[in-house]
Structure formats: C-alpha cells, structure tokens
Amino acid sequence: MNLRDYNLKFNKMPCQWDEAMPIGNGNMGCLLYGDNPVCLSVDRIDLWDARPHPTTLEKDFNYQTLVELAKREDAESVARRNRLFEQIYNELPYPSKITAGRIELRFRNGFSASAAQVDIKDAAIETKGKKTSISAFVHATRPVGVARIRGDFEIDLHIPDYISKVGHNDKIAAGEGGNIVPADSLQYPPAEIVRQDDWTYYIQTTYTDFVYGLFVYRKRSRLHSEIFFTVLTGKDALQLENKAKKLLVNTADIGYDTLIREHTAYWHKYWKKSAVHLGDEILEKTYYRSWYLFASTSRKGAFPMPLQGVWTADSDNLPPWRGDYHHDTNTQLSYQGFLKANHWDEGSCFVDYLWENRSAYQRFAAEFYGVDGLLIPGVSTIDGKPMGGWAHYSLSPTMSVWTAQSFDEYFLYSGDLEFLKTRAYPFLRDIATAIGSLLTEKNDKLYLPLSTSPEIHDDTVKAYLTPNSNFDLSLLRYLYSRLIAYCKILGYDAAEYDAVLSKLDDIAVIDGVVALSPDEQLTESHRHFSHLMALYPLHLINYDTPQNRALYQRSMQHLENLGTSEWVGFSFAMAAQIYAMAEDGNKAYENLFKFCDGFVGENGFHLNGDFKNKGYSSYHYRPFTLEALFGYCDALQEMLFQQHRGYLHFFPSLPEKWQNNRISFEKFRGYNGLTVGAVFDGGHTKEAHLQTEKKTTVVIKNTFGTDCLLLRCGAIKKTVESENGYFHISLQNGTTILTCRGEE
C-alpha cells in the first residue's frame, strides 16, 4: 500500500473553502483554494470569543428552573423556557469559535494550475502550472505556515465580515437539523491591515481579554518567493507584533529546505504507528485521509478539536454550530478510535483537556445544578462554560458520563494503574457525586428529574421522556459499573456504587426492540441512535447470547424499517459501529460505503448531508464537521479487531465481498498496553503478532481455521491447542508470533 495513492487530488484548484486543500499541525490550520486570488484561510484552534451569553449568568438559569418548565405547555412557561434555555444559542454572535481570516495572493497575470494535491504522507500541498505554482505546509512542530510560490503576486488579507462589520446580518445554514439561523457581527473595533516592506499583517482587538493577529512575512529570490505566516494571541498588541516578527524572521532564516525536512520527519513517524490493508480502495482511502485530518487538527499539548478543528468556516459568517464543543456525540466520535489506531500522541489531548478543565466543570455543577462534584455542559465553550440551546442535551447531566468514557478507554488500553488512581477514578467519582445528588427514589428505584435522549424530538416538550430514558439509564449503569470495577482494582469500598446500581432499572425493551424509554419506541427515521448506547459504545449488552443477538438484530432491523431519510453523515458511521458489534460485516460495510460515497468531499471533509444527492438521506446541505470521519475509522477498526468481551477477536465482522481478499492490520493497540497485528487470508486468520512490555495472559477466539497454532517468541517455539474455541496464550516481554501449523 502506497499512502500517496490516497492523496487529495484535484484537476484544478478548488473554488470554495469547504472543498479546499487542508493542512495543519493541531494548533494552526490552513485551507488553500481559489484561482485568483489564491486564498490561504488561516485558523488557530484556540481562537474563540468565549464571552458567556448574559442569560447564562441570570439566577434563573439553573437546573431547578429547567425541571419546573420542561414539561409545561402553557404559553408563558414555554416562552420562559425558550428564553432561558433554548434561544440563547443563536441570539448573539458569541460565544463562538472564530477564525483569523485569509491571506489572498493576487497574481498579476492570473494563476493557473493543471494539477493540485495534498500529499498526505508529507502533509504538504503542491500545485503545478506552466508559470505559477505553490508548495505549502503548516510546520508539524513549529507555529508557522510556509509556502514557496512561483509567479508575480501581491499579498492582501481578508478579515471575516462577522468580526467587525457593523450591521452584518447574513444567514448561515447551521442550525440544529439544518435550520437557517441568523448571524451577526461581533462588532470588534476594525483592525488596520499593515503593509510595510515585506510584511503584511493585522492585529485585532477583541471584547475579551486578548488580542490576536495574522502575520505574513515575504522572502524574495530570483526564482520564487517564500511566505511565512502565523496566528498569535496575546495581551498587548505591540508585544504580539514583536513576537510574531521575531518568530517569522527566525523561521525564514532556518530556510525552506530544512523546515520541510523537519516537518516530514514528524509525519513519516506518524504514519508508522499503525496500518490497515483491506484490498478495498474506497474504504481504505477514506480511512487514511481521515487519519491525515486527525493529526492535522489534534495534537498533544494543544486544545482538542472542536466541530471544525483547525479549519473554521471561511464563509464570512459565524461557523456552523458556532464551531463549538458538542458533547452529545461530536467530541465522543472524534476521539473514539485513536487509541486502537495507536495515535496516542495526537488523541490524548482530549483527556488532558477534560482533566485540566475540571474546575470549570465543578463550578458548573455547583452553579447550574446546585450539587457537589463535577458535570460537563453538553454544549461548551473552549473554557468549559455552558452555551445552552436544545437544553434536553446541552444541559443533560448524563452527557458528562459519555464524555468521561474517554478516561475509561484510556485506562483500558494503557493499563496504567497510576492514571486510573489519579485521573480516571477521581473524574468518574466526581461525576457520580453530582449525579447521585440529582437522583430521586420512587418504588425503590432511582430516577433523574428529567430524562432525555439526544436528539430525539428536537427542542420540543416531547424531548422530555418518561424517566429513565435508555440513553440516561445506559450511562448511569455504565458509570456505576465502572466505578465498582475501579474500586475492586484499587482496593476501595464500592458499597455506595453497588447500592445505586441495584436501584437502576434494566434497559427498556418493547416488542423485542431497544426502546427510547420505558413507554416509548422510536417511530420515525432519526439521525441519532442515542437510545442504543447500551449496545455501543458502552458495551453493556454484548452480542454473546442468543437473547442478546436477537435484541441486536431486531433493534437494527427496526432502524432499517424506519429508513435513513433523516440520517446525516454520522448516522451511517454509528450504524456501522453497531453492526460491527453484531458481527454483521455486510451491513457494516454497506453503511461505511454509503458514508464515503455520499457524505465525504474530495478533500476528505465530512459535509453532514447527502450533498451529492445519492438518495441516502433527505438532507442535502453541507455544513462541515469532523466527528463522523473518526467514527467511521472506529467502525472499520471494530470490523477488524475487538477485545471488549475479554478476549481478542480477529476479523469479527468482515463482509462477504472481502472473504477472498488478503486483509491485515498492523500495530493496533489492545487493552493493557498490548500491540496487535493480524493477517486474514484464505477465509481465516492466518497469523497474528502480539507485543507486550510485561508478562501477561491473553485469550484469543479461534478464527484461524485450525485447532493448533505455532507460537514463536524469541528462542521459544511451541504449539498451542485450542480449548472450546479459544486459545489461552501466556505472553512474555517482546513479540509473539502465532501462525497456523503448516503455514509457518
């Protein structure tokens, strides 16, 4: 497999920002598009106007008021609920992610490119023309972008209209469910664009506690020019200017050739972390392009990706869904697959971010819910403040549990007991403290005052279901089950968690199908499978008994019967995840193919709607977000390797069309620090590679087509027999290779 086969290739320059060529380093991003001017739209992941909406500071903005108003249908109560909790998301232009604007290269004799591409192996853009060309990258480890440009051009800057233009009131197709919502200007003081010698830049004053600036430095030679650019933030405009100029001059002095060598060294190392080989170009292409975008927008030491990562919309309007942190599926899907893919350095920033923000979440628990512990706003600013809107999920306490699953997953894959003791257990414990204070007892069972299932029934009064919804119940059962398991490992007393778990209902099933709540079934096509949390990703119900298999099959058949008209991109990724759990490779493949075919642009971006009109959905809009790409990767990985049932299961969910392919994965991560690779050929698992840094025992389901394996580890060579369909393997420090007898 040659990574460059999956480069983002264009026969001509893309003409709009959401079709642009993306590059980034997790902190700064750039989109290159347009033919004259050629635009380099520049963004920084922590560029935010995080001013709280004034309503969130009112004394009535609290959980008690929400509980009182949620189910009332009189006009006065509905109006009050809407004002306090629903409308605030779109009333003002802040809080919101913002972008730095764009660099415009205006070529005197026009710009033409016969070909353009993003080389994903090197994370660099190349455009080729007879008299004009551009090579560009955002340095992997330095806070700068670099471009080498051939042609006669001038540099200009464009500041987004919504930043400072008074009276700006265009429209954005960015509301929940695709509704049109009004945008307006942040009305910052207009910034001056400075053009001085080889410098072009502006510094923007905001109404928050920082200023920011976009800076471009040009270095000329006989054959070409090079530009170096950055976005910086600071407290003082003059200090910011001096810092930016020093940074870019020093970077230019290092030289383009040295910088590109540094840059590609990072990326070549990144691509060695893991690999898949499917023999299926369409799915494999989306997989690798997605992991390219992941490392471009997520890095340890930076903030985790919000909805659009480091490529906030360059549309002169506020970004779709304010470019925020949505914890009702978006952040969870975005960081669901990186552990198995062995991209820890890029993905662990999400856990770090949640941990570092816990004081904000403690304040939110105290001020909004009136309880001790911590809770996370379901829709959040970069600094952990609530943004409201669609309160049934943006202000749902159980969103905190789903978000905190990242701590549990990190522990399971790492096996790091210190992390468990000092981070995972305290974080989940504090969530349990807060939620436990909200639960009320009735007939010896515990219930939340309000229970919902995002994004069921949208923002109507019907969104408040009979407690406990399966979404809430699944997360509650998961939370207390994991805390009990943690206590067992750490030697703590789990009595209080046992007591709560014993008073929670079982998952509600109606007519053999997982329901929304104890008395309501899903009756129409819907984009979000929040009621199926117990199946995936929480693994509360495994595909391991006849009863459970029937439940999976009937529940997914129920979704199919309702159709996909109301699905969006992430729906297909989530469906594929559940089908992978049900060992239905054909249906998992079908949904992943539809996702690639209908919802992913040529630049790898997920555009939410069936914008190609393939007939997969009634939504044909195209607001760009990232999360479904990584949910897609997670689903594909689950088709190749699973471990959640306590044993290693190689190739559990392959479609029939792959049965004659040679399929493999390399350097996936398993639980407890295990590194795993395997090969499927001839209709069965042919070999497996297991690497560990400590002695351990693993159980492997027999998918090898034989009851006898040859084991090799260093000088050790022996046979291993299958027992009741499983191999029990004692691993030594190092690499163990398992092969079928006769194929060694």
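- Open room surrounds NZ on Lys128; 12 or fewer heavy atoms of other groups in view lie less than 6.0 Å from it.
- Here the side chain of Asn661 pairs a donor or acceptor atom with the backbone of Leu278 at under 3.5 angstrom.
- Taking the six-membered ring where the residue is Trp, Tyr256 and Phe137 present perpendicular rings, their angle passing 60° and hence far from 30°.
- Of all heavy-atom pairs spanning Lys594 and Phe599, the tightest one is O-CD1, 3.5 Å.
- Aromatic ring centres of Trp291 and Tyr288: separated by at least 6.0 Å.
- At most 12 heavy atoms of other shown residues, nucleotides or ligands fall within 6.0 angstrom of atom CG in Asn11.
- Atom CH2 of residue Trp311 and atom OG1 of residue Thr297 lie 4.5 Å apart, to the nearest 0.5 angstrom.
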Could you go through the side chain to side chain contact (heavy atoms under 4.5 Å, CB included) check for Trp271 and Leu3 one step at a time? CA-CA 9 Å; Trp271 287 119; Leu3 266 179; 3.3 Å; yes

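- Evaluated for a side-chain hydrogen bond (donor to acceptor under 3.5 Å, both in side chains) with Glu638, the options Gln336, Gln577, Lys340 yield exactly one hit, Lys340.
- The two residues Asn7 and Asp119 have their closest heavy-atom pair at OD1-CA, 3.5 Å.
- When atom types are taken as modelled, the side chain of Gln642 and the backbone of Ala580 share a donor-acceptor pair closer than 3.5 angstrom.
- With Asn2 contributing its side chain and Arg4 its backbone, the two residues share a donor-acceptor pair below 3.5 Å.
- Here the straight-line distance linking atom CD of Gln659 with atom CG of Asp681 works out to 11.5 Å at 0.5 Å rounding.
- In this structure, His606 has its ring center closer than 6.0 angstrom to the ring center of Phe595.
- You'll find the ring centres of Tyr632 and Tyr287 outside the 6.0 Å limit.
- Nearest heavy-atom pair, Gly129 versus Arg150, reported as atom, atom and distance to 0.1 Å: O-NH2, 2.9 Å.
- In this structure, NZ in Lys686 is found 11.5 Å from OG in Ser664, a value given to the nearest 0.5 Å.
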Can you check side chain to side chain contact (heavy atoms under 4.5 Å, CB included) on Leu674 and Leu648, steps first, answer last? CA-CA 11 Å; Leu674 192 67; Leu648 279 64; 3.8 Å; yes

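- Judged by distance alone, the side chain of Lys12 and the main-chain N or O of Ala113 form no donor-acceptor pair under 3.5 Å.
- The ring of Phe294 has its center closer than 6.0 angstrom to the ring center of Tyr335.
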Show your reasoning for whether salt bridge (Lys or Arg N to Asp or Glu O under 4.0 Å) applies to Lys97 and Asp46. CA-CA 8 Å; Lys97 177 78 179 68; Asp46 60 349; over 6 Å; no

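- Under the 6.0 Å distance and 45° angle rule, Arg289 does not count as a cation-pi partner of Tyr6.
- The number of heavy atoms from other shown groups lying within 6.0 Å of CG (Asp152) is above 12.
- Checked against a 6.0 Å centroid threshold, the rings of Trp567 and Phe572 count as neighbours.
- In this structure, Gln117 CD and Met21 CE are separated by 9.5 Å, a value rounded to the nearest 0.5 Å.
- Close placement of the His343 and Tyr270 rings is indicated, their centers lying within 6.0 Å of each other.
- Closest heavy-atom contact between Ala576 and Leu592: CB-CD2, 3.4 Å.
- The two residues Asn25 and Ala140 have their closest heavy-atom pair at CB-O, 3.7 Å.
- Across every non-hydrogen atom of Asp316 and His158, the tightest pair is OD1-NE2, 2.8 Å.
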Would Thr625 and Asn330 count as a side-chain hydrogen bond (donor to acceptor under 3.5 Å, both in side chains) here? Give the steps. CA-CA 9 Å; Thr625 61; Asn330 302 81; 4.9 Å; no

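- Ring geometry for Trp48 against Tyr325 counts as parallel: the plane angle stays under 30°, on a 0 to 90° scale with 60° as the upper cut.
- Taking CG of Leu318 as the start and CG of Asp161 as the end, the distance is 11.0 Å to the nearest 0.5 Å.
- Put simply, the side chain of Trp344 gets close to the backbone of Leu339: a donor and an acceptor are under 3.5 Å apart.
- Taking the six-membered ring for Trp and the full ring otherwise, Phe228 and Phe215 have centroids separated by 6.0 Å or more.
- Lys245 NZ: more than 12 foreign heavy atoms inside a 6.0 Å radius.
- Of the possible donor and acceptor atoms, one in the side chain of Asn603 sits under 3.5 Å from a partner among the backbone N and O of Ala20.
- With rounding to the nearest 0.5 angstrom, the CG atom of Asn317 is 9.0 Å from the OH atom of Tyr162.
- Within a 6.0 Å sphere centred on CD of Glu602, other residues, nucleotides and ligands contribute 12 heavy atoms or fewer.
- Other residues, nucleotides and ligands contribute over 12 non-hydrogen atoms within 6.0 Å of the CG atom of Asn250.
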